[in-house]
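Working notes, beginning with the structure itself.
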4 protein chains.
Amino acid sequence: MQREIRPLGRPRQDHQNKPTKTVILDVATQLFLDKGYQVVSMDDVAKECGVTKATVYYYYKTKADLFTDAMVQMMLRIKKRIFDILSTDKPLKDRLLEFAKAHLEATVDIDINGFMKEAKTSLSNEQLQQMKEAEDKMYEVLELALTAAMEKGEVPQGHPQLGAHAFVSLLTIGNYRDAGQKPIFPSIDEMTEQIVDFYWNGLGN
Amino acid sequence: MQREIRPLGRPRQDHQNKPTKTVILDVATQLFLDKGYQVVSMDDVAKECGVTKATVYYYYKTKADLFTDAMVQMMLRIKKRIFDILSTDKPLKDRLLEFAKAHLEATVDIDINGFMKEAKTSLSNEQLQQMKEAEDKMYEVLELALTAAMEKGEVPQGHPQLGAHAFVSLLTIGNYRDAGQKPIFPSIDEMTEQIVDFYWNGLGN
Amino acid sequence: MQREIRPLGRPRQDHQNKPTKTVILDVATQLFLDKGYQVVSMDDVAKECGVTKATVYYYYKTKADLFTDAMVQMMLRIKKRIFDILSTDKPLKDRLLEFAKAHLEATVDIDINGFMKEAKTSLSNEQLQQMKEAEDKMYEVLELALTAAMEKGEVPQGHPQLGAHAFVSLLTIGNYRDAGQKPIFPSIDEMTEQIVDFYWNGLGN
Amino acid sequence: MQREIRPLGRPRQDHQNKPTKTVILDVATQLFLDKGYQVVSMDDVAKECGVTKATVYYYYKTKADLFTDAMVQMMLRIKKRIFDILSTDKPLKDRLLEFAKAHLEATVDIDINGFMKEAKTSLSNEQLQQMKEAEDKMYEVLELALTAAMEKGEVPQGHPQLGAHAFVSLLTIGNYRDAGQKPIFPSIDEMTEQIVDFYWNGLGN
DNA sequence: TATGAATGAGTGTTCATTCAT
DNA sequence: TATGAATGAACACTCATTCAT
């Protein structure tokens with residue numbers, strides 16, 4: 001009697017209940033984050049979703065459309081996450097720590113710069129615009145939190161937009177691995193603390 | 001009498017004198033920096049060099065080889081540039097300003113993170129290793145300068161590796177353009193000053 | 001107050017009242033005449049009708065069926081038009097002029113030869129047969145008129161079938177445009193007259 | 001012992017000696033004439049040539065390019081054939097008979113109208129222009145012969161361009177097959193004679 | 001040292017068609 | 001009567017790579 005064949009590799013998710021379009025978007029987002037726009041083929045997306053390529057095209061007219069949608073949704077999700085964490089009334093530094101930790105814990109390295117670059121060579125102007133707008137909104141919530149903290153005197157007066165970008169760029173340090181695959185700090189906690197400390201100093205505290 | 005016809009677009013460089021292999025490497029570097037690994041085809045490289053694809057393959061066994069070589073050379077060049085600038089005995093902050101300005105003035109955005117990511121999905125382990133080593137060497141010269149400054153008391157004691165990565169990551173802020181194509185600061189000088197100030201504070205000064 | 005937004009391009013017809021099947025057939029005929037069998041997709045037809053592709057398939061089992069039906073209907077319509085015009089008791093040449101003018105005034109170039117060729121490579125034998133029969137009936141009414149005229153002595157004795165085909169083939173001259181987009185004759189009236197004159201001579205008059 | 005395997009269907013031509021590009025062009029011409037632009041795939045061409053699709057693309061950048069080249073070459077060939085036949089100093093009617101017979105004997109039906117229509121929806125403007133120019137040149141040689149004959153008084157004065165188009169369009173009658181696959185005339189000789197007679201009358205003789 | 005020719009394996013995209021509802 | 005979802009098979013086109021010369 002033949003037992004069930006266990007397929008190799010990560011078992012295809014069940015995606016239970018979720019409407020196909022959502023499944024596609026989620027899977028695509030994951031793949032694009034993992035490997036970048038060019039490397040992921042529509043077939044890859046389809047296979048990972050357990051549907052055919054034609055089905056993917058039923059929901060997204062082009063690969064660029066799918067990518068744009070995936071990236072925009074992702075950035076909106078991050079924006080919301082930033083917003084939720086920064087909206088509490090704990091001291092700003094605690095909130096930054098909390099967000100940084102959450103971000104660094106996420107396995108995928110969200111290399112927004114890199115995505116914007118791929119976008120620049122592969123998307124239509126309109127799509128690029130959509131991505132930029134989502135990106136900007138992401139930075140805006142950070143800026144707002146910084147502006148508020150500056151007004152409250154919690155942080156020295158300064159350039160909030162610079163502050164927002166500095167924070168995000170410093171977080172990318174967490175993705176670094178040296179030739180021996182080692183990150184700069186052995187634990188995420190220490191990484192978080194050191195980066196946020198550096199940042200906090202940078203703001204002029 | 002018909003004058004010389006001026007072809008459209010960027011005129012194909014003459015590449016005079018330089019040995020073919022060097023021409024190929026230089027051209028490839030430029031193209032990879034501009035558009036990324038995946039987007040540049042071996043044909044693109046060949047055409048831009050004024051040779052045939054087969055010639056490119058005569059010098060580089062695979063595209064991945066060419067990319068690895070190009071990236072490694074580039075990082076060694078940057079390392080040298082950092083080294084040269086940081087080796088002078090001006091105050092550290094002045095040296096940082098000088099390097100930052102030089103870097104921000106270069107038109108191409110040298111998105112090392114992005115290149116490492118493309119490398120991860122497309123190169124052999126050995127090639128990846130080569131790139132990582134070149135990357136590490138780049139950071140090392142920065143670390144050394146920081147360590148020296150810390151020992152001299154020019155800068156508070158701290159984590160030099162973090163310092164090195166923080167500097168490089170903050171420089172990426174210069175590449176940002178918002179939805180209206182505007183950078184954060186109107187001039188490179190102001191950008192440089194503000195970023196280095198932020199960084200300087202971050203170091204604990 | 002915002003007025004109704006006028007969509008771009010040819011306004012989607014309302015197709016009011018007409019039963020869906022008729023709408024589909026009419027729209028399909030128009031599209032096939034305009035662009036040919038291969039180039040028109042079932043989606044094109046559906047969109048232009050304001051229904052879904054599945055609806056088109058509800059009424060026509062295959063694209064080839066739809067095409068066959070469209071072409072047959074069209075040829076029957078032409079046959080009727082020929083019949084109506086040729087049935088009057090004006091002199092034959094006047095009737096020919098009238099029909100030629102009506103035909104040349106229709107914007108679409110009804111390239112029956114071309115349609116028969118597309119049919120040959122894409123339709124089932126049965127469908128091809130249907131089209132040929134409709135085509136033949138079209139020529140027959142012309143033949144009948146010619147035969148009658150020959151019997152009446154209005155035209156020299158000759159080969160009526162040849163006469164019919166010659167007339168139709170000469171009419172295609174009207175579709176010709178040279179490299180500068182110019183037709184052979186500047187006005188439809190002159191075109192008509194010259195073609196019919198040539199034809200009339202050809203018949204032996 | 002296994003004997004040579006006889007492949008099914010028409011044996012792949014040997015194309016001996018001919019350079020690949022010529023083979024491709026010849027095969028493509030044949031296929032396009034047989035089935036039309038849309039129906040023939042680049043794979044079809046490649047397979048029939050015994051090469052891979054990539055090889056076809058090595059010589060022709062796009063399918064439209066290949067089609068354009070094929071059609072232009074074909075029309076130039078026809079032009080030459082017309083020229084050669086019409087250049088002799090036999091009476092015009094004899095020359096017309098000779099050309100008509102040669103044309104009607106060729107198995108493929110050269111439906112220039114149909115090709116121009118496919119071209120209109122599928123080629124770039126430049127390509128269309130090339131085709132139109134070749135088409136025009138084809139008609140021109142006919143026109144020249146007619147003009148000369150009119151000047152010599154061999155044929156009544158008339159509109160030579162109309163005469164050229166009328167001749168070509170009347171020749172298409174030879175392609176007609178009725179629902180029972182029968183042509184209008186049982187033999188090519190009779191077909192030729194009758195068509196040329198009709199034409200000769202049409203010219204006003 | 002350099003190249004022209006050739007290819008295998010994709011890649012994004014389209015489309016006629018089916019089917020459950 | 002009408003449709004939304006899904007698909008298989010194709011299609012135009014690309015590209016890294018090889019090889020004989």
Side-chain angles (χ1 to χ4, degrees), chain A residues 19-21 23-24 37-46 49-67 122, chain B residues 19-21 24 37-47 49-67 122, chain C residues 19-21 24 37-47 49-67 122, chain D residues 19-21 23-24 37-46 49-67 122:
Chain A
T20 309
K21 183 164 185 175
V23 174
I24 291 171
Y37 179 68
Q38 304 290 345
V39 170
V40 174
S41 77
M42 289 301 256
D43 246 333
D44 291 342
V45 174
C49 293
V51 299
T52 48
K53 219 184 342 181
T55 303
V56 177
Y57 275 94
Y58 180 75
Y59 291 102
Y60 291 92
K61 244 173 82 80
T62 66
K63 187 187 176 190
D65 276 343
L66 176 55
F67 180 68
S122 303
Chain B
T20 310
K21 184 164 184 175
I24 292 172
Y37 178 68
Q38 304 292 340
V39 169
V40 173
S41 77
M42 289 300 258
D43 247 332
D44 291 341
V45 175
K47 245 165 239 157
C49 293
V51 299
T52 47
K53 219 181 347 181
T55 303
V56 178
Y57 274 94
Y58 179 77
Y59 291 103
Y60 290 94
K61 238 174 76 82
T62 67
K63 187 187 175 189
D65 277 341
L66 176 55
F67 180 67
S122 302
Chain C
T20 309
K21 184 165 183 172
I24 292 171
Y37 178 68
Q38 304 293 343
V39 170
V40 173
S41 78
M42 291 298 258
D43 246 331
D44 291 341
V45 175
K47 245 165 239 157
C49 293
V51 299
T52 47
K53 219 183 346 181
T55 304
V56 178
Y57 274 94
Y58 179 78
Y59 289 102
Y60 291 92
K61 238 175 77 81
T62 67
K63 187 188 176 188
D65 278 342
L66 176 55
F67 180 67
S122 303
Chain D
T20 309
K21 184 164 183 175
V23 174
I24 291 171
Y37 178 68
Q38 304 291 344
V39 170
V40 174
S41 77
M42 289 301 256
D43 247 333
D44 291 342
V45 174
C49 293
V51 298
T52 49
K53 216 188 338 185
T55 302
V56 178
Y57 276 96
Y58 180 75
Y59 291 102
Y60 291 92
K61 244 173 82 80
T62 66
K63 187 187 175 188
D65 276 343
L66 176 55
F67 180 68
S122 302

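Numbered from 1 within each chain, the chains take letters A, B, ... in sequence-line order.
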Check your understanding: Tell me: CE of A/Met42 to P of F/dC13, nearest whole Å?
Key -> 19 Å
Check your understanding: Nearest heavy-atom pair of D/Gln38 and D/Ser122: which atoms, and what distance?
Key -> NE2-OG, 2.7 Å
Practice item. Take A/Ser41 and C/Val40, find for each the nucleotide of DNA chain E with the closest heavy atom, and name the residue whose nucleotide sits nearer the 5' end. Key: A/Ser41
Revision key, fill the gap. For DNA chain E, the expected dot-bracket line (Watson-Crick or G-U under 3.5 Å, [ ] crossing, | inter-strand) is .||||||||||||||||||||
Practice item. Provide, to the nearest angstrom, the distance between the OH atom belonging to C/Tyr60 and the P atom belonging to E/dT18. Key: 17 Å
Check your understanding: Just checking C/Val39: base, sugar-phosphate only, or nothing, at a heavy-atom cut-off of under 4.0 Å?
Key -> nothing
Exercise for review: To the nearest Å, give me how far apart OH (B/Tyr57) and C1' (E/dA6) are.
Suggested key: 14 Å
Review point. Between atom CG in C/Leu66 and atom C1' in E/dC15, what is the gap in whole Å?
Key: 15 Å
Study note, to complete from the structure: Separation of F/dA9 atom P from A/Asp43 atom CG, nearest Å, is 14 Å
Exercise for review: Go through the structure and list residues passing side-chain contact (heavy atoms from CB on, under 4.5 Å) with C/Thr55, not counting sequence neighbours.
Suggested key: C/Thr20, C/Val51, C/Thr52, C/Tyr59
Check your understanding: Nearest-Å distance, NZ (D/Lys61) to C1' (F/dC15)?
Key -> 14 Å
Review point. Any idea which of F/dA16, E/dT13, F/dT17 is nearest the B/Thr62 side chain?
Key: F/dT17
Taking only nitrogen or oxygen atoms into account, show me every contact under 3.5 Å that the protein makes with nucleotides 1-3 of chain F, one pair per line with its distance.
residue: F/dT1; atom: OP2; partner: C/Tyr58; partner atom: OH; Å: 2.4
residue: F/dA2; atom: OP1; partner: C/Thr20; partner atom: OG1; Å: 3.3
residue: F/dA2; atom: OP2; partner: C/Thr20; partner atom: OG1; Å: 3.3
residue: F/dA2; atom: OP2; partner: C/Tyr59; partner atom: OH; Å: 2.2
residue: F/dT3; atom: OP2; partner: C/Thr52; partner atom: N; Å: 3.3
residue: F/dT3; atom: OP2; partner: C/Thr52; partner atom: OG1; Å: 3.2
residue: F/dT3; atom: OP2; partner: C/Thr55; partner atom: OG1; Å: 2.2
residue: F/dT3; atom: O5'; partner: C/Thr52; partner atom: OG1; Å: 3.2

Review point. NA contact type, B/Val45, heavy-atom cut-off 4.0 Å: base, sugar-phosphate, or nothing?
Key: nothing
**Study point:** Gap between atoms CG and C1', on B/Asp44 and F/dT14 respectively (whole Å)
**Key:** 11 Å
**Study point:** Length of the line joining D/Gln38:CD and E/dC15:C1', which is rounded to integer Å
**Key:** 13 Å
Review point. Who passes side-chain contact (heavy atoms from CB on, under 4.5 Å) against B/Tyr60, sequence neighbours left out?
Key: B/Lys21, B/Ile24, B/Leu25, B/Leu66, B/Asp69
Practice item. Sequence neighbours left out, what pairs pass salt bridge (charged side-chain N to carboxylate O under 4.0 Å, His left out) with at least one residue falling in residues 55-65 of chain C? Key: none
**Study point:** Partner set under side-chain hydrogen bond (donor to acceptor under 3.5 Å, both in side chains) for D/Asp43, not counting sequence neighbours
**Key:** none
